[in-house]
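All remarks here apply to the structure that follows.
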Amino acid sequence: MNYLRLSMAVAAAATVALTGCSTTTVSTKSEPTYEDAANSKFMNVNREAINRLVAGVDVNKLAGTPVLVATVVNVNDLRRAAPLGRTLSEQYASFMVASGFNVKELKLRGDVFVREETGEMMLSREVKDIARAHSAGLVVVGTYSTAAQFTYISLKLVRTDTGQILRGHDYALPNDADVSRLLQAPR
């Protein structure tokens, strides 16, 4: 009987010892969940940015005046936008609608950009023509600039008739996997 107890004790000790020596770990990469998506920091930061941009703008005083949201473009080439710029513009428009602004959809006319003229940002003739066609009083314009660790975004709320900048807001996104992929040209 002592032999049986001794054998069981040795087997238990060996199991514990071998388990403690195991260096093989199985790495499982979990897929993102719907909860992760609902709590997306990317979307939350962009929502906060548009909220800051329009802070203090009395939607009631606008009396339903249409607002346009131009494509957010690369500051180094104002004629181009990566998927990031188009995604940001889509989100800004959605967030503004949720805040009570009368945002007009522009996809029917194609992307609306801002052009560079003598070193400063000006609304292009196309934006002014589209604004007039929609009776839009305001337009959200923006640029992004990619650096090593962050992508910097500059937003402006501009009067379409005078080009006056009413509000501005700057913020940064980390160049994580999602932002890096959105900065790539579509294939």
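For reference, positions follow the sequence shown, starting with 1.
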Counting only heavy atoms not in Leu166, do more than 12 fall under 6.0 Å of its CG?
yes
Hits for side-chain contact (heavy atoms from CB on, under 4.5 Å) against Gln149, two or more places apart or cross-chain, chain-then-number order -> none
Chi angles and distances behind the side chain to side chain contact (heavy atoms under 4.5 Å, CB included) call for Val103, Val69
CA-CA 7 Å; Val103 178; Val69 180; 4.0 Å; yes
Residues that Ser40 engages under side-chain contact (heavy atoms from CB on, under 4.5 Å), provided they are two or more places apart
Phe42, Met43
Which other residues belong to the hydrophobic cluster containing Tyr152, where Ile, Leu, Val, Met, Phe, Trp and Tyr are joined when side-chain heavy atoms lie under 4.5 Å apart, directly or via other members?
Phe150
Tell me, please, which residues at least two apart from Thr162 pass side chain to side chain donor-acceptor pair (under 3.5 Å).
none
By salt bridge (Lys or Arg N to Asp or Glu O under 4.0 Å) - contacts of Arg52 (at least two apart):
Glu48
Just list the side-chain donor-acceptor pairs under 3.5 Å for residues 91-101, sequence neighbours left out, or say none.
from, atom 1, to, atom 2, distance (Å)
Gln91, OE1, Asn46, ND2, 2.8
Tyr92, OH, Tyr171, OH, 2.5
Ser94, OG, Glu90, O, 3.2
Ser99, OG, Phe95, O, 3.2

Residue set satisfying side-chain contact (heavy atoms from CB on, under 4.5 Å) with Ser30, at least two apart, ordered chain then number -> none
Got Leu138 and Val158 here, is their nearest side-chain heavy-atom distance under 4.5 Å?
no
For the CD1 atom of Ile50 and the CG atom of Leu157, what is their distance to the nearest 0.5 Å?
8.0 Å
With rounding to the nearest 0.5 angstrom, report the OG to CG distance, Ser89 to Leu68.
11.5 Å
Residues which pass side chain to side chain donor-acceptor pair (under 3.5 Å) with Asn44, listed by chain and number, not counting sequence neighbours:
Arg47
Applying salt bridge (charged side-chain N to carboxylate O under 4.0 Å, His left out), which residue pairs with at least one partner in residues 166-178 are found, sequence neighbours left out?
none
Can you name the side chain to side chain donor-acceptor pair (under 3.5 Å) partners of Thr151, sequence neighbours left out?
Asn175
Going by the rule salt bridge (Lys or Arg N to Asp or Glu O under 4.0 Å), which residues pair with Asp58 if we only count those two or more places apart in sequence or in a different chain?
none
Glu31: what forms a side-chain contact (heavy atoms from CB on, under 4.5 Å) with it, not counting sequence neighbours?
none
